Every structure is written in structure tokens, then in C-alpha cells.
2 protein chains.
Amino acid sequence: MPVIRQSVGAARQRQFVHILRSTRTCSSEMAPSLADLQDLAHKLRIHSINSTSAAGSGHPTSCASIAEIMSVLFFKTMKLDLKSPIHPSSDRFILSKGHAAPILYAAWAEAGLFPTSELLNLRKFGNDLEGHPTPRLNFIDVGTGSLGQGLSVGCGMAYVGKYYDKASYRVYVLIGDGESAEGSIWEALNFASHYKLDNLVVIFDVNRLGQSEPTCLQHDMETYRKRVDSFGFNAVVVDGHDVGELSKAFDGAAATKGKPTAIIAKTYKGKHFPNIEDLENWHGKPLGAVGKDIVQHLTGLIKNKNISLKPNGIVDDSPKVNINNICLTSPPDYKPDAKVATRVAYGTAIAKLGKNNARVIALDGDTKNSTYSEKIKTASVEQYIECFIAEQNLVGVGMGATCRNRTVAFVSTFATFFTRAFDQIRMGAISQSNLNFVGSHCGVSIGEDGPSQMGLEDIALFRSIPGSTVFYPSDAVSTERAIELAANTKGICYIRTSRPNTPIVYESSTKFEIGKSNVLRQSSSDKLLIVSGGVTLHEAIIAQQQLAQQGFNVRVMDLFTIKPLDIKGLQQNATACGGNVLVVEDHYHEGGIGEAVSAALAGQLKKFIHIAVTDVPRSGPPEVLLGHYKLDAKGIVDAIKTQLQ
Amino acid sequence: MPVIRQSVGAARQRQFVHILRSTRTCSSEMAPSLADLQDLAHKLRIHSINSTSAAGSGHPTSCASIAEIMSVLFFKTMKLDLKSPIHPSSDRFILSKGHAAPILYAAWAEAGLFPTSELLNLRKFGNDLEGHPTPRLNFIDVGTGSLGQGLSVGCGMAYVGKYYDKASYRVYVLIGDGESAEGSIWEALNFASHYKLDNLVVIFDVNRLGQSEPTCLQHDMETYRKRVDSFGFNAVVVDGHDVGELSKAFDGAAATKGKPTAIIAKTYKGKHFPNIEDLENWHGKPLGAVGKDIVQHLTGLIKNKNISLKPNGIVDDSPKVNINNICLTSPPDYKPDAKVATRVAYGTAIAKLGKNNARVIALDGDTKNSTYSEKIKTASVEQYIECFIAEQNLVGVGMGATCRNRTVAFVSTFATFFTRAFDQIRMGAISQSNLNFVGSHCGVSIGEDGPSQMGLEDIALFRSIPGSTVFYPSDAVSTERAIELAANTKGICYIRTSRPNTPIVYESSTKFEIGKSNVLRQSSSDKLLIVSGGVTLHEAIIAQQQLAQQGFNVRVMDLFTIKPLDIKGLQQNATACGGNVLVVEDHYHEGGIGEAVSAALAGQLKKFIHIAVTDVPRSGPPEVLLGHYKLDAKGIVDAIKTQLQ
């Protein structure tokens with residue numbers, strides 16, 4: 001099997017070779033018998049044992065508990081396209097308990113997507129059959145493995161399916177009982193019922209055992225049912241090893257309108273593994289010496305040794321979608337002497353992009369009147385998804401909404417509240433998601449609300465995401481262009497916006513590029529380069545004027561993107577300024593602009609001055625706080641005078 | 001009022017001046033009448049209006065919905081000590097909806113802790129009555145303002161009260177209905193009922209309105225009741241503006257054994273504010289011009305204009321606790337040729353510390369057999385708290401357990417899963433928490449499980465926390481000492497541990513200090529300084545040997561703590577090596593060791609080489625992955641040869 005290495009953010013085209021071995025067609029109209037489905041389940045168990053044994057690691061017992069669920073889903077219930085596994089019209093399946101990857105790979109192999117012999121390359125370096133699923137495989141939408149995240153993604157897919165695509169595909173999410181302790185699951189359940197996502201089915205694999213001990217609820221099925229029912233689901237408890245009960249439950253889900261369905265399956269970890277089933281201390285371990293005997297035992301359980309089933313074919317009723325070349329419907333339009341907050345400019349821009357393309361959407365967590373994402377809702381209510389105060393689910397829904405290139409999504413809240421979803425954002429990079437984040441209320445310049453509301457680690461967070469693009473626009477013009485660029489950029493994009501009104505520094509016609517800074521003030525005798533962005537850039541401009549009046553010329557650079565950095569521009573201008581550089585930023589010292597710049601210019605710096613926030617701030621007026629942390633013009637001038645002049 | 005500025009991690013001694021004005025004693029035995037409580041509620045409303053009007057910002061309508069709840073809690077139900085507001089035996093109160101801070105401040109002022117006139121300094125720079133509560137105030141345990149976090153902290157306090165202190169104090173957590181969409185709330189509810197925390201009361205303020213629109217469930221009280229009941233609570237719906245109903249409900253909670261109680265209060269945002277009550281678009285706004293009339297209206301509702309009530313006094317039955325000078329019961333003991341994973345050494349160390357002091361505890365999220373926190377459980381089951389797969393609650397419970405210096409807590413999981421709780425950790429710094437985090441499975445060296453399980457941004461995360469201490473021990477000896485140092489260090493401590501077995505490089509008698517690096521290999525003719533830690537340090541040592549054999553001497557430094565950095569040691573050794581520095585780290589490029597070192601040495605570097613992980617890794621054997629990212633000895637040698645020699 002050829003290995004396809006994809007850089008994050010690269011076009012989502014996969015060339016995973018698939019070999020169709022079927023005797024039946026993909027869209028067989030003959031439903032499989034229950035005996036067939038049971039046989040197939042055992043085959044999946046055997047593959048899971050053999051592949052993890054070959055790898056010398058993995059989670060065969062976690063696969064065994066879901067063998068019947070996988071068999072019924074893949075060979076009876078779901079509609080799939082083997083020629084194009086992530087076809088816009090095919091059903092979606094997310095294995096939220098990603099450590100059961102071997103049985104997911106086995107199901108696709110048994111379906112005919114690739115040879116089952118390939119399963120024995122599980123977890124080998126260079127092979128795409130990794131320890132946990134990632135979209136390096138052509139049948140995976142999102143990476144899983146950090147628990148509790150799959151359902152939110154499924155909610156995003158189901159929302160798009162029901163309200164945007166208005167298509168017949170359905171979304172299935174399989175979650176473990178251990179991971180159902182994650183709060184993100186309950187955020188997602190609440191979202192799914194609120195929006196009546198009756199095209200969504202959640203399967204709880206209640207196998208009683210976590211990694212290191214039994215789960216909280218073990219096999220208390222009635223409590224699971226009560227909880228999920230109270231969250232607005234059609235909640236059905238089944239024997240998760242009974243293919244007949246499972247089939248009926250999935251049929252029932254399809255017939256249930258106005259609410260999503262949860263199938264709560266009572267299962268056993270290591271089911272049909274003698275002396276292992278339902279026992280502790282077997283999580284995440286290949287079966288070792290006993291594996292062979294257990295495979296023999298399972299083989300004995302299979303009635304039809306030649307069993308081979310194919311998934312149902314798809315109903316191709318999804319609309320064609322074009323999300324290329326998203327543009328502002330009109331250029332930025334501000335008076336030169338206007339003062340506009342960059343968060344407001346975000347609202348203006350997202351409304352323009354939404355007008356340009358109906359697949360541009362915004363999502364927010366009940367802060368839309370602060371982030372100004374409300375502007376797209378005002379313009380076109382259906383292009384806005386309210387996710388309420390649940391940031392993990394907000395990000396997951398955004399990720400799901402962008403899968404299979406169905407939408408261009410912008411997720412907004414206060415910059416600091418993205419810390420709540422750092423794990424989801426991290427998994428977004430592994431998932432090769434194309435998702436845009438807009439964080440308002442960055443820095444101490446938000447003022448009186450105090451430190452809990454101040455984004456002071458957001459640049460550090462988003463810079464650490466592989467392949468990310470981090471914008472920090474300094475005025476309304478550059479903000480609108482940053483939003484437009486982000487809409488057309490692959491991977492994770494972050495745009496940092498500010499609360500205070502700030503001057504316009506760019507003409508409306510200015511062109512912006514990712515990785516291209518702009519020098520706003522310069523002379524032929526500059527002795528220092530000031531690098532900044534956002535609110536502090538305007539302070540730097542004032543400082544430059546004051547210093548120039550005193551005969552000391554400095555250069556002022558607006559980075560525009562913090563990642564990628566304009567390394568060439570930085571080097572040229574730092575050199576022109578004698579190797580003296582000052583970075584001023586409304587962010588903590590660690591992981592922000594200062595460290596990015598000093599690392600990029602390491603070896604070329606003569607003097608480096610870094611002004612940033614040093615400790616937990618307190619409430620106060622923005623200008624007082626900027627002054628307290630010496631982030632204002634006076635602080636900049638003083639730092640230069642004491643450290644350089 | 002004197003302003004006390006506290007550095008994060010400083011001793012938790014507060015000198016907030018309080019003036020007792022009471023005519024009644026603090027421990028009045030005369031219960032207030034319902035009329036008194038209602039009058040007091042209106043007084044609290046008036047204070048909330050006046051203070052936010054004076055500040056020109058704030059959330060008076062969010063205060064108004066909880067006025068009766070606050071009145072009953074503070075003046076009828078809770079047992080408080082005005083002389084020592086966070087006395088170990090007093091009841092705990094957490095305002096999880098921190099934006100209602102003005103009414104919390106008003107309650108304490110009315111109780112007599114400080115003059116009510118001080119309330120008019122709300123949100124002024126330098127005043128501790130900030131926009132959201134922080135422990136700069138002597139009556140606040142933890143900062144709130146990022147929603148959905150208070151209940152987990154309350155769970156930690158209640159767990160300690162019930163199982164460690166075995167004292168009569170009770171824990172009250174007031175949460176908003178908007179924030180009840182946060183999954184962390186449901187993680188905490190699950191935890192509280194699992195551990196039968198009948199000393200915990202959660203009050204849901206169901207005021208129907210979020211920030212930007214109505215909440216999901218609005219006033220659907222029955223759905224709230226069903227949900228909370230299904231999560232194992234004694235769930236009681238009350239009229240949240242009826243002081244009699246509230247009083248009874250709190251009495252009922254105190255009489256309920258074996259399960260926690262939730263009081264689900266139907267309230268109205270802006271209650272008793274004519275033309276504002278229950279209306280949208282009044283979130284987070286002072287009342288402006290209409291404020292005066294509303295104060296007059298509220299004054300008219302007060303029957304006894306001279307009303308003054310005092311809280312009940314405490315029952316002082318908490319044990320004395322000493323958590324100073326925590327020591328390893330025996331020094332690290334490893335054979336020089338042993339190979340031991342630092343995660344295992346963590347387990348050994350935490351068990352030793354636990355033996356030294358019964359108030360040393362460990363908490364984990366069902367990874368205890370991977371992080372080795374299970375070693376303290378094996379030694380002493382009650383010193384371990386299983387928090388299941390819910391990392392946000394795990395961190396919150398840890399934070400609650402350490403409040404009022406009741407325990408020394410170590411929270412462990414895979415390093416990368418702390419991203420799930422970044423917001424809680426961030427709030428931990430604002431809360432001046434003394435809490436220790438141990439992250440195992442860092443870097444690509446974990447191998448086959450793949451990128452979702454690899455901690456590659458954990459250093460960036462923990463470095464960004466104000467006042468944090470970040471340890472990255474390289475062998476078992478230094479790990480044990482890092483754990484011991486962390487136990488005695490204020491603020492947020494993070495210890496990064498690794499999965500593979502690695503050599504012992506230190507003698508058992510070695511002394512370690514925070515901010516003090518160790519040079520492990522050096523000569524008088526070193527041409528480059530290699531700075532590292534953890535798995536890659538051992539690769540650096542091999543590289544040094546290989547290079548030395550080729551006549552090229554390099555120096556190898558083990559940082560021990562990444563924050564604070566040993567800047568002096570770095571400067572001296574970098575200078576001794578001609579300003580040539582190489583950092584190799586099993587972490588992403590951004591925010592890790594390389595950026596910390598290059599920022600610290602900016603202006604003093606001649607050549608800087610940075611080897612780190614550049615993109616999303618894949619599954620594979622640890623040594624293959626280290627080789628792929630050039631983090632191994634060969635990669636280090638090659639980098640030096642191509643870039644320096």
C-alpha cells in the first residue's frame with residue numbers, strides 16, 4: 001500500500017489505493033442475515049487480535065466490545081461509497097474512542113477498501129494505519145484518540161446535513177463509556193437535541209471497564225438511559241452483542257423524527273476472549289501468547305467461513321458546494337481619521353464574506369454581541385450557529401461543519417476562552433481541519449473585567465498548533481483582509497482581535513499577504529526596530545514620533561501574521577537598525593511575539609528589548625493597565641532610553 | 001482600604017482590613033425573619049446597582065437574580081467567620097458565575113467584613129474589588145469569571161471536608177444557567193454523586209437569559225430537574241425569589257445524607273428592576289440614567305430600613321494541618337547502570353511523599369497505571385482520588401483540595417491531555433493555587449500510539465502560566481527531587497515525565513535547586529553548548545561522546561527547570577562556548593525550551609541551532625521517531641556538522 005504523507009493544511013486529496021474484491025456489488029440490495037452479521041463481527045475480532053499482535057501494542061479488548069456494533073453499522077445500516085469513502089453524500093462514521101482503531105480499519109478492509117493483509121502493518125512507521133485514526137487515511141474525517149471529542153464533530157456534520165445540505169446522509173458516532181465522563185460529550189448531547197438533529201445517532205459502548213479500573217457507572221444501564229433521555233435524546237438500551245437488537249435499534253433511529261437517537265449498548269470488554277472477557281488489566285495490551293488460541297476459538301464460532309459482506313451504496317443527494325475564492329463583497333471602507341475596534345471589523349468582514357458565499361458561516365458561544373459575529377446573523381440568520389456557553393463543543397461543531405469541505409467556518413469567542421478548547425484545537429491540526437478562530441478581548445487592554453477575561457496566552461496557544469496561521473491585525477482595514485485571507489487558507493487559522501477602538505493605519509487599497517510584514521515608520525538613520533501588532537502598535541507609532549522629535553529615529557513594523565513570521569523582513573530591518581530590536585506585546589512573555597522574533601533573529605541581535613505582561617493583571621481602565629505594564633508609548637520610550645540610548 | 005498586591009505563589013496571607021460594625025454578634029442565635037432576609041436581598045440589589053454605576057461597567061442584572069439566594073445563604077444558612085473569612089472550619093462559598101461579583105462583595109460588606117462605602121470603589125485600578133473575584137480579597141478561595149469551573153473546585157473542597165478533614169463545614173457553589181451548558185459542570189456533578197458528597201450544595205440560578213440571547217432551556221425547570229436528578233443529586237426546584245422556599249431547601253440539603261443536593265432556582269434577570277426584569281440586552285451593563293429611579297423603587301420595597309444581619313458563626317472542628325517541609329522518606333536509590341522511566345520515578349516519589357505526610361495526595365484521570373500515580377494508591381488508598389476521564393474536573397478538584405492549605409496535591413495524566421484543562425490551569429494562576437501537575441508521555445518518544453497521545457505543546461502551555469515552575473527532569477534521581485521540590489513550592493508547578501526507560505545520570509546525593517541547571521559534560525575547549533532535558537538529553541550525551549572522539553568538544557547542559565531558567569548558568573556556559581548554542585527538545589518548536597533559551601540569550605548568541613518537532617508526527621517505534629525528527633544523537637551530530645563545523 002502506498003503511503004501518502006500529507007502536510008497539514010494540504011489539499012485534502014487522498015490517493016489511498018483500494019482494491020475491490022467483492023463478488024457482490026457495493027450497493028447490494030440483499031440484506032445480510034443476522035448470522036452473517038454475527039460471523040462478520042467475529043472476523044473483525046480476529047483481525048483486531050492479529051493486527052495488534054503483529055504491532056506488539058494496541059487495544060484488542062476495546063475492539064472486541066464493539067464488534068457487533070461495527071458489523072451491523074458497516075454491513076447493514078450505513079450507506080457508504082467505497083470508491084470515494086468521504087463522498088459528500090455518504091453516511092459519516094466517527095470512532096470517538098479512537099483507540100479501537102484496529103477494528104475500524106478491519107471493517108473498511110472487510111468492506112473491500114483495501115486488502116485485509118494490510119492490517120498487519122498496523123502502527124508501523126510510515127504506514128497510515130496508525131495507533132489512532134487520522135485523516136492520512138482516505139476514509140477518516142477527523143483524528144480521534146483524545147477522548148470525548150467525536151460527538152461534537154458529529155454534531156457539526158449533522159447540523160450541516162440537516163440545515164445546509166438538506167441531504168439524506170446520516171451521522172454515526174461511537175463513543176466509549178469511559179469517555180462519556182468527559183463534559184464535552186454532554187455539551188454535544190445538549191447541542192444535538194436543541195437543534196433536533198434527528199440525522200445523528202450516538203452509540204454508547206458500555207463495556208464497564210476503563211483503562212485502570214471500572215467506570216463510574218459500570219453496567220448501570222438505567223442511569224445512562226435516564227441521563228441521555230434527560231438530555232433530549234431518544235434513548236434506547238440494547239444488548240450490544242445482539243446483532244438483531246442492534247439492527248432494530250438503528251432502524252428505529254432512522255424512523256425517529258425531531259430528536260437524535262442514542263443507542264446505549266451493554267457490552268463486555270474482550271467479549272468472546274476466554275479468560276479475558278470482562279476482566280480488569282487487559283486495557284491497551286495485545287493478547288500475547290494466548291492470542292493464537294483465542295483466534296482459534298473465534299474461528300470456531302464463525303458459521304460461514306467464506307462470509308463476505310458489502311456495505312450499502314449511497315444516495316447521492318448532497319448539493320455541490322464551492323468554497324473556493326471567498327471574497328469580501330466590497331473593500332474595507334473607513335475614513336482615515338476613524339477609530340474602529342478590530343473586533344467590529346471582524347463582524348463587518350464576516351458579514352461580507354457570508355454575502356459572497358452562502359457556505360461561509362460563523363459560530364459563537366453566546367458572546368456574539370462582544371465578538372461581533374452577530375453581524376453575519378443579522379445579515380443572514382441561517383449562516384450563524386449559536387453554540388451557547390460550551391467552548392469545547394463550539395470548536396468541535398466548527399470542525400465537523402468544515403469536514404468534506406461543506407463550509408468555511410469562523411469560530412469566535414473571547415481569545416482567552418479558546419484555552420477551554422486547546423485539546424480540540426490541537427486535535428484539529430491532527431485532523432487536517434480547515435477552521436478559522438477569531439479571539440476578541442485580547443490583552444490587558446480590555447480593562448475593568450479583569451484577568452479572567454483577558455487573552456494573554458492565546459498567541460502561545462495558536463502558535464503551538466502545527467501548520468497554523470496566526471494573524472494579529474492592527475486596524476480595521478487589515479482585519480477585514482485577514483479574515484478574507486483566512487477564509488481561503490488551509491489548516492488552523494487564528495485572528496486575534498482587540499476590544500478598544502484604534503486608529504486606521506492602512507489605506508483601503510492596501511494588499512496584505514500571509515507572512516508579509518509592513519514597515520509603517522522608517523528613516524535612513526533608524527537605530528532600533530520596534531516590532532508589534534494590535535493595540536500596542538499604535539503606542540509604538542506614538543513612541544516613534546516622540547523619539548523622532550528628540551532626534552532618535554526608530555523604525556516601526558506591523559507583523560500582520562505572527563506565524564508564519566516575515567523572517568526576511570525582520571532580518572533586513574533588524575540589520576538596517578543595527579541589530580537592535582524591541583518587541584512590545586499585550587500578551588504574556590512566554591510563547592508570544594517576543595519569543596518568536598528573538599528565536600527567528602537569534603545570532604543576529606545586538607540588543608533585544610521585550611515588553612510584555614509579567615504577572616496576573618488586575619481590573620482597571622485600559623490605558624492605566626497599558627501604562628502599568630509599560631506597554632504604552634511612555635513605557636516604550638522609557639525602555640529605549642534606559643536600555644539603549 | 002489598603003490595597004494588597006500579592007505576587008502569584010506568594011504566601012496566602014491577606015491583610016484586608018475589616019471593620020466589624022455589628023450590634024449583634026457574629027454568632028447570633030436569633031434566626032432572621034423572612035421579612036428581614038427579603039429586606040436584605042433588596043439592600044444587596046441596591047449595592048449592586050450603585051457599585052456598577054460608580055464603576056461605569058459590570059453586571060447588575062446578573063446580581064439581581066441571585067439577591068434572595070445570597071441573602072439566605074449569607075444571613076441564614078452559612079456558618080462564617082468574619083475575623084478569618086477563610087478559616088479552615090467555615091463554610092465555603094464559590095460564586096461560579098463570577099460576573100455577579102458586586103453582590104458577593106455587597107454580601108460580605110453587609111455582613112460586616114468591610115464598610116459598604118468601599119463597594120463604590122468596584123473595578124478601580126489598585127482596588128481588590130475587581131470585575132471578577134480573585135483571592136487578592138481575603139474572603140475568596142479561587143478566582144472565577146471563566147464560566148463552569150466553580151463546581152469542580154467545590155467538589156475538591158467537599159471531598160476534603162468529608163474524607164480528610166471529616167469536619168462539619170459545608171460547601172456551596174452558585175452557578176448560572178448559561179454556564180450550566182459547560183461540560184465541566186456535568187463532569188463535576190458526576191464526580192460529586194459518585195463520591196456521595198452530601199456536604200455539597202449546588203445552586204442553579206436559572207434566570208433564563210444568557211449574554212446575547214436566552215439560554216437553551218430558558219425556564220424549563222423540569223428538564224433541569226431531570227438532568228440533575230439523573231446525575232445522582234437530590235434535585236429540588238424552588239422559586240429563587242422566595243426566601244422561605246430557599247431557606248427550607250437549604251435546610252433540606254443539610255438533612256440529606258448520602259448524596260449532594262442541587263437547588264434549582266427559578267429566577268429573573270434584573271428581578272425588581274422595572275422595565276428591565278426578564279428583558280434581553282441588559283447583560284453586563286450598568287443601569288445608567290434609570291439607575292436612580294430603580295434604587296428608589298427598591299428602597300420603597302424595604303420594610304425595615306435599618307435592617308442589619310450577621311452570619312452564623314462557625315463550628316471549629318477542622319483538624320490542624322501542617323503541609324510544610326514535605327520530604328522524601330528516603331533518598332533516590334538507583335543503581336548507576338539502571339534504566340528507569342521518569343514516569344516511574346514520579347510514582348516512587350509520590351508514594352514516599354505520601355508516607356511522609358498524610359496530606360500529600362494524588363489525583364488522576366484513569367491513567368494511573370500509565371502515569372504511575374497508582375503507586376501512592378497502592379501504598380495508601382485514601383491518599384488517591386480517582387477522577388475518571390474528565391480532565392477539567394480533575395484539575396478543578398485538585399485546585400479545590402489545596403484551598404486553605406488543606407492538602408498538597410499532585411494531578412497527573414498524559415502531558416497532552418492537560419490541554420483539555422488549560423482554562424482551569426490558567427484560572428489556577430489567577431486563583432493563586434498551589435497545585436502540582438505531572439504530565440507523562442511527552443513527545444514523540446512515546447512511540448506507536450501516535451500524535452493524539454503525544455505531549456508536544458505542554459511546555460508552551462505551562463510556561464505561559466504566570467508564576468509557574470516547570471520541571472523537566474532527565475533521570476529518576478532528578479525526578480524524585482523535582483517532585484519533592486514541587487511539593488514545597490507555591491504556585492503552579494509542572495513536572496514533565498517521559499515514557500521510555502532512560503539511564504541514571506545523577507548520583508543519589510545530588511542536590512537540585514529550582515532555576516539551577518547542571519553541566520553534565522564539559523571540557524576547556526568546548527565550541528558549542530547543547531541545552532536539553534528528558535529523553536533528548538541522553539541523546540545529547542551520546543552525541544557529545546561521538547563528537548569528542550572526532551576532536552570536536554561540546555558542552556552538555558541539563559536545564560532541570562525550564563522556568564525559571566538558569567539564565568546566569570546559560571550565559572556563562574554559552575559565553576564559554578563562543579556563543580554557539582544548540583537546543584534539542586522533544587516538543588514543538590513554539591513556546592518550548594528553544595524559544596525560552598534564545599529569548600534569554602538574545603544579543604549574546606553567535607549561532608543558534610534548534611532541533612524540535614516540526615509537524616504532526618505519526619505512529620512508529622520511539623527510536624525511529626526520534627531519528628525522523630533528528631532528535632537523536634545522529635541528528636544532533638549532523639546538525640552541528642552541517643551548521644557549525
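All of these numbers come straight from a predicted model, not from anything done at the bench. Residue numbers start from 1 in every chain, and the chains themselves are labelled A, B, ... in the order their sequence lines are given, proteins ahead of strands. Just so you know, these numbers use all the heavy atoms, side chains as well, and skip hydrogens, waters and symmetry mates.
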*Asks:* Let me know if B/Glu222 has heavy atoms under 4.5 Å from chain A in its side chain, its backbone, both or neither.
*Replies:* neither
*Asks:* Quick one: what part of B/His132 sits under 4.5 Å from any heavy atom of chain A, side chain, backbone, both or neither?
*Replies:*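 Answer is both: backbone and side chain atoms of B/His132 are under 4.5 Å from chain A.
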*Asks:* Looking at A/Gly98, A/Gly620, A/Ser452, which makes the most heavy-atom pairs under 4.5 Å with chain B?
*Replies:*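 Answer, by heavy-atom pair count under 4.5 Å with chain B: A/Ser452.
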*Asks:* Hey, what do you get for CD1 (A/Ile389) to CG (B/Asp177), rounding to the nearest 0.5 Å?
*Replies:*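 Those atoms lie 8.5 Å apart.
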*Asks:* Is there a side-chain hydrogen bond (donor to acceptor under 3.5 Å, both in side chains) between B/Gln211 and A/Ser370? Walk through the geometry before answering.
*Replies:* CA-CA 9 Å; B/Gln211 172 178 324; A/Ser370 291; 2.8 Å; yes
*Asks:* What distance separates A/Phe418 CZ from B/Asp423 CG, expressed to the nearest 0.5 Å?
*Replies:*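 One gets 12.0 Å once the value is rounded to the nearest 0.5 Å.
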*Asks:* What part of B/Arg123 gets within 4.5 angstrom of chain A, counting heavy atoms only: side chain, backbone, both, or neither?
*Replies:*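 Both parts, backbone and side chain.
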*Asks:* Answer with side chain, backbone, both or neither: which region of A/Pro214 has an atom nearer than 4.5 Å to a non-hydrogen atom of chain B?
*Replies:*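 Looking at A/Pro214, just its backbone touches chain B.
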*Asks:* Quick check for you: to the nearest 0.5 Å, what is the distance between B/Phe388 atom CZ and A/Ser212 atom OG?
*Replies:*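 Output value for this atom pair is 8.0 Å.
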*Asks:* Given a strict heavy-atom distance threshold of 4.5 Å, which part of B/Ser57 is in contact with chain A: side chain, backbone, both, or neither?
*Replies:*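 Contact with chain A involves the side chain of B/Ser57 alone.
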*Asks:* What part of B/Thr367 gets closer than 4.5 Å to chain A, counting heavy atoms only: side chain, backbone, both or neither?
*Replies:* both
*Asks:* Tell me, for B/Glu386 versus chain A, whether the close heavy atoms (under 4.5 Å) come from the side chain, the backbone, both or neither.
*Replies:*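 When you check distances to chain A, only side chain atoms of B/Glu386 fall under 4.5 Å.
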*Asks:* In terms of heavy-atom proximity below 4.5 Å to chain A, should B/His59 be classed as side chain, backbone, both, or neither?
*Replies:*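 Looking at B/His59, just its side chain touches chain A.
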*Asks:* Please classify the contact between A/Glu213 and chain B as side chain, backbone, both or neither, with a heavy-atom cut-off of under 4.5 Å.
*Replies:* both
*Asks:* Using 30° and 60° as the class limits, which term best fits the ring planes of A/Phe422 and B/Phe422: parallel, tilted or perpendicular?
*Replies:*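 A/Phe422 and B/Phe422: tilted rings.
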*Asks:* For A/Gln424, which atoms come within 4.5 Å of any heavy atom of chain B: side chain, backbone, both, or neither?
*Replies:*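 Only the side chain of A/Gln424 comes within 4.5 Å of chain B.
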*Asks:* What part of B/Phe231 gets within 4.5 angstrom of chain A, counting heavy atoms only: side chain, backbone, both, or neither?
*Replies:* both
